[in-house]
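Everything on this sheet refers to the single structure shown next.
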Number of protein chains: 2
Amino acid sequence: MSSSTEPRRVTIHDVARSAGVSRQTVSRALNDKAEIDGSTKQRVLDAARELGYRPSRFARGLVRQDTTTVGLVVPDLLNPFFTEVASGALEAARSRGWHVVVYDTADDLDQELATLQVIGAQVDAVVGYFSRSEEDLDRLTPGIPVVLIGREPRTPRFSGIGIDGEEGVREAISHLVSRGHRRIGMLDHDRRPEPSIRQQWFLRAMAEHGIPVHPGRLTRAAQTIDGGGAALATLLSAHPDVTAVFAFNDVIAIGALREARRFGLRVPADLAVVGFDGLALGTLVEPELTSVALDTRSLGALAVEEAARLVTGAAEPGRLIVRAALHLRESA
Amino acid sequence: MSSSTEPRRVTIHDVARSAGVSRQTVSRALNDKAEIDGSTKQRVLDAARELGYRPSRFARGLVRQDTTTVGLVVPDLLNPFFTEVASGALEAARSRGWHVVVYDTADDLDQELATLQVIGAQVDAVVGYFSRSEEDLDRLTPGIPVVLIGREPRTPRFSGIGIDGEEGVREAISHLVSRGHRRIGMLDHDRRPEPSIRQQWFLRAMAEHGIPVHPGRLTRAAQTIDGGGAALATLLSAHPDVTAVFAFNDVIAIGALREARRFGLRVPADLAVVGFDGLALGTLVEPELTSVALDTRSLGALAVEEAARLVTGAAEPGRLIVRAALHLRESA
DNA sequence: TTGAAAGCGCTAACAA
DNA sequence: TTGTTAGCGCTTTCAA
């Protein structure tokens, strides 16, 4: 029967007293140590169960400094790209015996801030996607190793897992051009005022083929399926002569695919669509999505491995690059 | 310059000595307490940064017992169903200021065991999907509140978030029957030897319409897109006269959708397909998937909320039920 | 405004 | 096999 007032924590001391042994013996029983009598052990275990005893993870962690926890921050776990990155991070962590605390910031700067404010007290290292400035990040994660994914750190304070898709985009554009496309649009992201690096790759690849890109053919899309659809609609209403589009990512591309269908356009016959990321989702849609593909899971895994290097002091913050390559499927 | 040998941890004591103050003052500076001189505070902060000091989360947690962490266990984060559940759990946790440690057991009993063995030392409560017996679970999570999702606990040791899809399945079958279907197959899961409860709902609903179900029309599928496709192929080769299928879940149903297309069958004209879960993914495929839908995110959220009740002692372990309802879209 | 002392709950060493 | 002692690193009294 438990008191209905303050539910004071049951400690190892209570168990010891109840079983008539020392705290040390309780510890031995609970941790399956060798030097303990069978019947004593059973008595202790019974007492522990009786009292509903749970060891404090803090006290235990304090004395056995052995567990490592990494914080993984993503803007939206439901976005399949981040799901794949998270999955890779989880697997890499598991293979090292690390634990992963996951935070979904809902792509919101305030929630990102709130996360950063609490994360420092919970983890040994932080990996993931952040929108705040490096100054902010540094201030909010004092002394903690941080690995930025998909973003080039400007200072040696952070490690970065970068993406080099230039060659992959070049392949994609060459493919489109070889199929006779010349009026090619792009559905860029709309997160920042300036164009993405992927747009730069796109423009450079187009320039290599001597094809000018009308600025109106560069549209911006929210990073959702619906956003991709809306952007395609905008693009096509202004430039109905476009025969192919390159999207900032697969989510946007899949939205475009769906919108094209609603427009009555056949893909790829009337409109070719190329995405970026190479999500598994791209193989489920009809037609299957051609994409400049990344090994998304290794993005997460590499981030955790880099975090491990930083935590152990095996390396200074550095950068790693993941390359993208064209995966030719049906949509282009 | 740091020693290249044992990288001994920098403690509050080191900072105190370096700044020429007491440990207490360091604590005050770091925790933004009021009673401290501005210049002293700055000196301490500088020293801390200089030494790369990071407070131990264990020591801090030990004395401040305020943070709560819940462990979320899923068999496969890449399965969109579990992604949605996880997303709901993360949001519910965030709103309580809880942290979530996520474990992906890769649908493997040994990894589940390994997870259970370490999770107790990391979290205040556990929620998620488990395949092991309640005896095993109880033994491995001594004293820790556990909430089982999608599984009815047999003992009051555990809370459960159950799914009641009987009415939803009945709606689905009524719909199919009203469209003239009578030879309806089911693609059940293949995780256990016995048929799923969803199959029982299916058979009961069919019986209510007085339609006998040939046992050969009950097939088993691995819970992947490919598994769903393979199962449909098996079913159709043995029973080509089937005009509709009900799948254990949307993932299997989407595999069936794809396979039907490869068979040259039009959906729903030649073959109607109904899934279960109501995943967002179902709206991305062509045709959009009709499904007995669940609020998957609330499944995760309810689990965390129940965990909160157990942790605070506000309630004894209990069960909650989430109901499913037919979402009519295009595939049936 | 600062410091000294006490203790959070546990386990690793050592002694009995 | 068991108990005693001494911390792990931090924050909260309380006194200076």
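A, B, ... follow the sequence lines: proteins, then strands. Residue 1 opens every chain. Hydrogens, waters and symmetry mates play no part in the numbers below; they use all other heavy atoms, side chains included. Model, not experiment: these values are computed from the prediction.
Spacing between atom CD1 of A:I12 and atom P of C:dG7 amounts to 18 Å, rounded to whole angstrom units. In this structure, A:R23 places its CZ atom 10 Å from C1' of C:dT11, rounding to the nearest Å. Regarding B:R28, its CZ atom lies at a distance of 11 Å from the P atom of D:dT11, rounded to whole Å. Between the CG atom of B:L62 and the C1' atom of C:dA6 there is a distance of 13 Å, given to the nearest Å. Spacing between atom CG of A:L30 and atom C1' of C:dA12 amounts to 16 Å, rounded to whole angstrom units. Straight-line distance from the CD1 atom of A:I36 to the P atom of C:dT11: 12 Å, rounded to whole Å. A:D14 places its CG atom 14 Å from the C1' atom of C:dC8, with the value rounded to the nearest Å. Atom CZ of B:F58 is separated from atom P of C:dT11 by 13 Å (rounded to the nearest Å).
Summarising the local packing, CZ of A:R96 is surrounded by more than 12 heavy atoms from other residues, nucleotides or ligands at distances under 6.0 Å. Other residues, nucleotides and ligands place no more than 12 heavy atoms under 6.0 Å from the CZ atom of A:R191.
At D:dC8, none of the side-chain N or O atoms of B:S56 fall inside 4.0 Å of OP1 or OP2 (strictly under the cut-off). At least one side-chain nitrogen or oxygen of B:S22 sits closer than 4.0 Å to the OP1 or OP2 atom of C:dG3. Dashed line: the shortest gap from a side-chain N or O of B:T25 to OP1 or OP2 of C:dG3 is under 4.0 Å. Between A:R64 and the phosphate of D:dC8, there is no side-chain N or O to OP1/OP2 separation shorter than 4.0 Å.
The nucleotide whose nearest atom lies closest to any side-chain atom of B:Q24 is, among D:dT12, C:dA12, D:dC10, D:dT12. Among C:dT11, D:dT1, C:dC10, the nucleotide with an atom closest to any side-chain atom of A:P55 is C:dC10.
Checked for salt-bridge contact, A:E134 and A:R157 miss the test: no charged N lies under 4.0 Å from a carboxylate O.
Not a single donor-acceptor contact under 3.5 angstrom links the side-chain atoms of A:R57 to the base of C:dG9.
Between B:H13 and A:D37, the one whose closest nucleotide on DNA chain D sits nearer the 5' end is A:D37. Along DNA chain C, the nucleotide nearest B:V63 and the nucleotide nearest A:S27 are compared for position; the residue whose nucleotide lies closer to the 5' end is B:V63. Along DNA chain C, the nucleotide nearest to B:A59 and the one nearest to B:G20 differ in position, and the one closer to the 5' end is contacted by B:G20.
Looking only at side-chain heavy atoms (C-beta outward), A:E152 and A:I321 come within less than 4.5 Å of each other.
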**Asked** Given the rule in the salt bridge (charged side-chain N to carboxylate O under 4.0 Å, His left out) test, do B:D46 and B:K41 qualify, once you have shown the distances and angles that lead to the verdict?
**Response** CA-CA 9 Å; B:D46 289 346; B:K41 179 168 176 178; over 6 Å; no

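Among the heavy atoms of the strands lying under 4.0 Å from B:K33 are primed sugar atoms or P, OP1, OP2 only; no base atom is included.
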